[in-house]
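Each remark here refers to the structure printed beneath this line.
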Amino acid sequence: MPSRIVSILGPTGTGKTESALALSDAMDVGVVNFDSRQVYRDFPIITAQPTPEEQGRCPHLLYGMLGPDRKINAAAFADLAGAAVADLEGRGLLPVLVGGTGLYLKTLLQGIAPIPDIPPEIRRKVLDRIAAHGPQALHRELKLADPEYAAIIHPNDTQRNARAAEVYEATGRTMTWWHSQRLPDPGFDCLKIGIGVELDELTPRLAGRVDRMLEAGALEEARKAWENYPDPQLPGWTGIGCAELLSHLRGEVTLERARELWIQNTRAYAKRQITWFKREEDMRWFRPGDFQGVVQCVRDWF
RNA sequence: GCUCAGGUAGCUCAGUCGGUAGAGCAGGGGACUGAAAAUCCCCGUGUCGGCAGUUCAAUUCUGUCCCUGAGCA
């Protein structure tokens, strides 16, 4: 018996959180975060986590549970999400996954290659080599070890070349081999609800959202986080908004410029998300604000 | 008013020893199997400030005018 779950997907700033709350008014649900940034405790405003009041309206899981110094990845997150879903089901609640991180959803629903954790010293070695010789050097080696995967990823792609190198070095198996491993069916029957807009329509909303975050104390939030975690390399600081505000706090740009960059980067991110979700199969699309449509869609699904 | 430095893609700028020009960013499209709010790929015609002159040919040289910045008055 597969678990029945609902996911609310779409680019940032389309009102996914509100849609989930509308669902919670209509039926017994629990919300599971599905956003790689909303896991960070110290940035509730900047990462647009549901407010405490909103989270009080029904169970909310996987929000703000990590410090900015903690790393998370797709596989680890999917494990947590799987446990969260089981938890809600045990309480008789319909799990509603809300977020914009497409890879995390894909990992939960389809599983991911069972590659073991990479020893830190191997990772460091690979990163050192990239720093010294560039990702192209690793790509040349990859061509010999795993031509099939080398053909798929670009020589300039730092992250994927690093990943391929560390996996091969640590496990003695290629990415192609790992990706060809049969995965057990994670066993989810997921209704995918997409909140869709054109980028042009979304842009002014994103700008307004950034302004509201600033009014709500985003800068103060960043300042406090910086006092506690004064290292710009930490995973938590790489979020959009966090990075721009930090740049201002360190005197590199004016607040006005930080705001502009924040909006610009948010927009570019939304564009990438739109590209991703466009390809997602079995999506039911709704306009922002069409809460009735969303609720009805879930009802009909049962 | 004088001197100097500039006026080239939406922005910041490179360049053409004379044969009509190219980077980064922005913008558009795309990819995505453990960093994913990440990472990466593809897409560049614009009166090269205006006018005139020299030349087969000027964005490039010359003159002049306009604009911007710095300095001197």
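Reminder, nothing fancy here: chain letters follow the sequence lines and each chain counts from 1. This structure is a prediction, so every number in the text was calculated from the model and none was measured. Just the heavy atoms: all of them, side chains too, but no hydrogens, waters or symmetry mates, feed the values below.
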Would you mind classifying the nucleic acid contact of [X] as base, sugar-phosphate or nothing, using non-hydrogen atoms under 4.0 angstrom?
X         : answer
Asn265(A) : nothing
Thr47(A)  : base
Leu234(A) : nothing
Trp178(A) : nothing
Gln233(A) : nothing
Ile72(A)  : sugar-phosphate

Which whole number of Å gives the distance between the [atom1] atom of [N] and that of [M]?
N      : M      : atom1 : result
C32(B) : G19(B) : P     : 45 Å
A26(B) : U12(B) : P     : 15 Å
C13(B) : G53(B) : C1'   : 30 Å
C51(B) : C67(B) : C1'   : 15 Å
A23(B) : G15(B) : C1'   : 10 Å
G44(B) : U8(B)  : C1'   : 14 Å
C25(B) : G71(B) : P     : 34 Å
C11(B) : G50(B) : P     : 15 Å

Is a salt bridge present between [X] and [Y], judged by a nitrogen-to-oxygen distance below 4.0 Å?
X         : Y         : answer
Glu166(A) : Arg163(A) : yes
Asp211(A) : Arg259(A) : yes
Asp35(A)  : Lys16(A)  : no
Glu215(A) : Arg212(A) : no
Glu220(A) : Arg223(A) : yes
Arg129(A) : Glu169(A) : yes

**Prompt:** What about Arg123(A), does its side chain sit under 3.5 Å from the base of A35(B) through a donor-acceptor pair?
**Reply:** no
Once you apply the 3.5 Å cut-off to both distances, tell me the Watson-Crick or G-U wobble partner of [N], or none.
N      : answer
U20(B) : none
C40(B) : G30(B)
A70(B) : U3(B)
C25(B) : G10(B)

Does the side chain of [X] get closer than 4.0 angstrom to OP1 or OP2 of [N] through an N or O atom?
X         : N      : value
Thr275(A) : G30(B) : yes
Arg163(A) : G34(B) : yes
Arg279(A) : A31(B) : yes
Arg267(A) : G28(B) : yes
Asn156(A) : C41(B) : yes
Tyr104(A) : A36(B) : yes
Thr101(A) : A37(B) : yes
Arg160(A) : U33(B) : yes

The side chain of [X] is closest to which nucleotide in this list: [options]?
X         : options                : answer
Arg272(A) : A36(B), U39(B), U33(B) : U39(B)
Lys271(A) : G28(B), U33(B), A37(B) : G28(B)
His154(A) : A31(B), C41(B), G27(B) : C41(B)
Leu127(A) : A35(B), C32(B), A37(B) : A35(B)
Ser36(A)  : A36(B), G28(B), A37(B) : A37(B)
Lys278(A) : C41(B), G30(B), U33(B) : G30(B)
Leu199(A) : U39(B), G34(B), G28(B) : G28(B)

**Request:** Examine Phe77(A) together with Tyr104(A) and report whether their ring centres are nearer than 6.0 Å.
**Result:** yes
**Request:** Examine Trp237(A) together with Phe43(A) and report whether their ring centres are nearer than 6.0 Å.
**Result:** yes
Given atom [atom1] of [X] and atom [atom2] of [N], what is their separation to the nearest angstrom?
X         : N      : atom1 : atom2 : value
Arg70(A)  : A35(B) : CZ    : P     : 15 Å
Leu245(A) : A37(B) : CG    : P     : 18 Å
Lys71(A)  : A37(B) : NZ    : P     : 15 Å
Gln264(A) : U12(B) : CD    : C1'   : 13 Å
Glu260(A) : U12(B) : CD    : C1'   : 14 Å
Arg37(A)  : A38(B) : CZ    : C1'   : 7 Å
Arg257(A) : U12(B) : CZ    : P     : 11 Å
Tyr40(A)  : A36(B) : OH    : C1'   : 11 Å

**Asked** Mapping Asp35(A) and Leu183(A) to their closest nucleotides on RNA chain B, which lands nearer the 5' end?
**Response** Leu183(A)
**Request:** Map Trp262(A) and Pro114(A) onto RNA chain B by nearest heavy atom, then report which one ends up closer to the 5' terminus.
**Result:** Pro114(A)
**Asked** How long is the gap from CH2 on Trp276(A) to CG on Leu105(A), to the nearest 0.5 Å?
**Response** 9.0 Å
